[in-house]
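What follows is a single structure, written as structure tokens, with notes after it.
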Amino acid sequence: MTIDPHTRVFETILVENPHPGVTRIVLNRPESRNAQNAAMLYELNDAFNAAARDDAVKVIILAARGPHFSSGHDLAVEDFVADMAPWDPVGTWCGFNCKGAEGRMGIEKEMFLGLSERWRNIPKVTIAQVQGKAVSGGLMLIWPCDLIVASEDAQFADSTASLGVAGAEFFNHPWEVGVRKAKEMLFTGDFLSAQDAHRLGMVNHVVSKDTLEAFTLDLAARITTKPSFVLKLMKEAVNAAQDAQGRVNAMSTSFALHQLSHSHNEQLFGIPIDPSGIPDKLKGKSKWSKSSGESE
């Protein structure tokens, strides 16, 4: 699906050009705490594509409207296959209508892991501008970015253990916060503060909420003074160094274990998550997960 970002009206995001050489993509579902449905993820991909193809753009900022960055994947979606139908897949694992474990793995390999990995490797500098909470799938938008600027109120969590699932699909935890903290983060589901995330090296800067947008834009503007080709080469070099540490193989293993979690829950509960971890008020609202409003 080709787009003109200057004329297209998006349903779930905004695209802005706040400074020469800078594109800002803004999550725009604040009423759902920017929960991610298929439309949001594929509109994000379209916007990333357009910015990547624009030779005038050197930096992409990923921001969000509302008090929270993203509550993660929207478990209120009635049918992911139907929700994905208008969009062209970026991968080739499986059509959207495959059945059983093949279908679920295909959807998640395409829409969750696949898109996040794709954005990580876009040859432009990307900066996540984060306020409020970023939960599970929310991390999968932040972690692919090259830099992270957080407001003082920002909090980060992976709550998948409560749902009986072995971590978010884009399993970058050990490289973001270190092995020990990654285990604690996964085992407990507790929130990590912006200050602790900065101390651990996951976040580049922590600033006040009032200055978050201006600080991030200033950082982006300073980067635009560097040659585009050099920025691309440096990004590729650092990503290659991380991959040489085993990230790609570890990501593949964790994704397989994530799928095993879903299959286990299907056998026990008839749905891909453990319903015991869902608050009573949220149960029964989704065909896919029997839940709504909380993220994977």
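Just so you know, these numbers come straight off a predicted model, no measurement behind them.
- Contacts of Thr211 classified as side-chain contact (heavy atoms from CB on, under 4.5 Å), with partners at least two apart in sequence or in another chain: Val207, Ser208.
- A salt bridge links Glu213 with Arg24: the distance from a Lys NZ or Arg NE/NH1/NH2 to an Asp or Glu carboxylate oxygen falls below 4.0 Å.
- Put simply, the side chain of Asn239 never gets that close to the backbone of Asn121: no donor and acceptor are under 3.5 Å apart.
- Separation of atoms CZ (Phe255) and CZ (Phe170) is listed at 12.5 Å; rounding is to 0.5 Å.
- Hydrophobic side-chain contacts under 4.5 Å tie Phe229 into a cluster, directly or through other members, with Leu233.
- Note on Val179 and Met185: separate hydrophobic clusters, where clusters join Ile, Leu, Val, Met, Phe, Trp and Tyr whose side-chain heavy atoms are under 4.5 Å apart, directly or indirectly.
- By the 4.5 Å heavy-atom criterion applied to side chains, Leu219 and Leu147 are counted as neighbours.
- If you chain together ILVMFWY residues whose side-chain heavy atoms come under 4.5 Å of each other, Val26 ends up grouped with Leu14.
- Remark: side-chain polar atoms of Thr216 are not paired, donor with acceptor, to backbone N or O of Gln129 under 3.5 angstrom.
- The two residues Asp74 and Ala35 make their nearest non-hydrogen contact at CB-CB, 3.8 Å.
- Going from atom NE2 of His262 over to atom CG of Leu163 covers 9.5 Å, rounded to the nearest 0.5 Å.
- Nearest heavy atom pair, residue Leu186 against residue Gly167, reads CD2-CA, 4.0 Å.
- For His73 (side chain) and Asn37 (main-chain N/O), no donor-acceptor pair under 3.5 Å exists by modelled atom type.
- Under the 4.5 Å side-chain heavy-atom criterion for ILVMFWY residues, a single connected hydrophobic cluster contains both Met234 and Val59.
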**OP:** Just do the side chain to side chain contact (heavy atoms under 4.5 Å, CB included) check on Asp274 and Val165 with the steps written out, would you?
**Re:** CA-CA 8 Å; Asp274 183 341; Val165 178; over 6 Å; no
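- The closest side-chain donor-acceptor pair between Thr12 and Asn28, if any, does not fall under 3.5 angstrom.
- Considering all non-hydrogen atoms of both residues, Val203 and His198 come closest at O-CD2, 3.3 Å.
- Between the side chains of Asp46 and Trp87, no donor-acceptor pair of N or O atoms lies under 3.5 Å.
- The distance from the NE2 atom of His19 to the CZ atom of Arg222 is 11.5 Å, given to the nearest 0.5 Å.
- Between the side chain of Asp196 and the main chain of Leu192, no donor-acceptor pair closer than 3.5 Å is present.
- In this structure, Glu16 places its CD atom where more than 12 heavy-atom neighbours from other residues, nucleotides or ligands lie under 6.0 Å away.
- A salt bridge links Asp243 with Arg120; the closest basic N to acidic carboxylate O contact falls under 4.0 Å.
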**OP:** Kindly indicate, with the supporting measurements, whether the criterion salt bridge (Lys or Arg N to Asp or Glu O under 4.0 Å) is fulfilled by Glu117 and Arg247.
**Re:** CA-CA 11 Å; Glu117 187 73 6; Arg247 188 196 69 92; 2.5 Å; yes
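- Remark: Arg104 CZ to Lys99 NZ distance equals 12.5 Å, nearest 0.5 Å.
- Ser159 and Ser136 are linked by a side-chain donor-acceptor pair at a separation below 3.5 angstrom, with hydrogens and angles left out of the test.
- Side chain of Ser252 to backbone of Asn249: no donor-acceptor contact under 3.5 angstrom is found.
- Checking His173 against Asp158 by side-chain atom types alone, a donor-acceptor pair falls below 3.5 Å.
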**OP:** Begin with the C-alpha distance, continue with both residues' side-chain angles, and end with the deciding distance and a verdict on side chain to side chain contact (heavy atoms under 4.5 Å, CB included) for Val149 and Phe215.
**Re:** CA-CA 8 Å; Val149 180; Phe215 183 96; 3.8 Å; yes
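- Considering all non-hydrogen atoms of both residues, Tyr42 and Pro89 come closest at OH-CA, 4.4 Å.
- Judged purely by atom type and a 3.5 angstrom limit, Ser261 uses its side chain to pair as donor or acceptor with the backbone of Ala166.
- The structure places CG of Asn204 at 10.5 Å from SG of Cys145, a figure rounded to the nearest 0.5 Å.
- In this structure, the side chains of Phe191 and Val135 come closer than 4.5 Å at one or more pairs of heavy atoms.
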Subject >> side chain to side chain contact (heavy atoms under 4.5 Å, CB included) between Val130 and Leu212, intermediate numbers included >> reply: CA-CA 8 Å; Val130 185; Leu212 176 63; 6.0 Å; no
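- A distance-only check finds a donor-acceptor pair linking the side chain of Lys235 to the backbone of Ile122 [under 3.5 Å].
- Trp143 places a side-chain heavy atom less than 4.5 Å from the side chain of Met202.
- Between Ala134 and Gly138, the shortest heavy-atom distance links the atoms CB-C, 4.5 Å.
- In this structure, the side chains of Thr23 and Ile61 stay at 4.5 Å or more apart for every pair of heavy atoms.
- Side-chain heavy atoms closer than 4.5 Å link hydrophobic residues (I, L, V, M, F, W, Y) into clusters, and following such links, even through other members, never connects Ile127 to Val206.
- Under a hydrophobic-cluster definition in which Ile, Leu, Val, Met, Phe, Trp and Tyr are linked whenever side-chain heavy atoms come within less than 4.5 Å, directly or via other members, Phe48 and Val22 are assigned to different clusters.
- Note on Leu113: it clusters hydrophobically with Leu115, by side-chain heavy-atom contacts below 4.5 Å among ILVMFWY residues.
- For Gln245 and Trp175, the side-chain atoms include at least one donor-acceptor pair closer than 3.5 Å.
- Residues Asn172 and Met140 have side chains not in contact (no heavy-atom distance under 4.5 Å, counting atoms from C-beta outward).
- One distance of note links CZ of Phe269 with OG of Ser276; it measures 5.5 Å at 0.5 Å rounding.
- A donor-acceptor contact shorter than 3.5 Å links the side chain of Glu43 to the backbone of Glu11.
- When all heavy atoms are compared, the tightest approach of Ala47 to Val15 is CB-CG2, 4.0 Å.
- Asp54 and Lys124 are not joined by a salt bridge, as no carboxylate oxygen comes within less than 4.0 angstrom of a charged side-chain nitrogen.
- The shortest side-chain heavy-atom distance between Arg118 and Asn49 falls under the 4.5 Å cut-off.
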Subject >> side chain to side chain contact (heavy atoms under 4.5 Å, CB included) evaluation trace for Trp119 with Thr126 >> reply: CA-CA 9 Å; Trp119 301 334; Thr126 54; over 6 Å; no
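- Checking Glu108 against Gln259 by side-chain atom types alone, a donor-acceptor pair falls below 3.5 Å.
- Between the side chain of Lys133 and the backbone N or O of Phe69, no donor-acceptor pair lies under 3.5 Å.
- Between Glu110 and Val90, the closest side-chain pair of non-hydrogen atoms falls below 4.5 Å.
- Side-chain contact annotation: Gln155 with Ser193, donor-acceptor N/O pair under 3.5 Å absent.
- Under the 3.5 Å distance criterion, the side-chain polar atoms of Glu152 are left unmatched by any main-chain donor or acceptor of Gln195.
- Within 6.0 Å of NZ on Lys209 lie more than 12 heavy atoms contributed by other residues, nucleotides or ligands.
- Considering Ile148, Leu44, Ile142 in turn, Leu44 is the only one that fulfils the side-chain contact (heavy atoms from CB on, under 4.5 Å) rule with Leu62.
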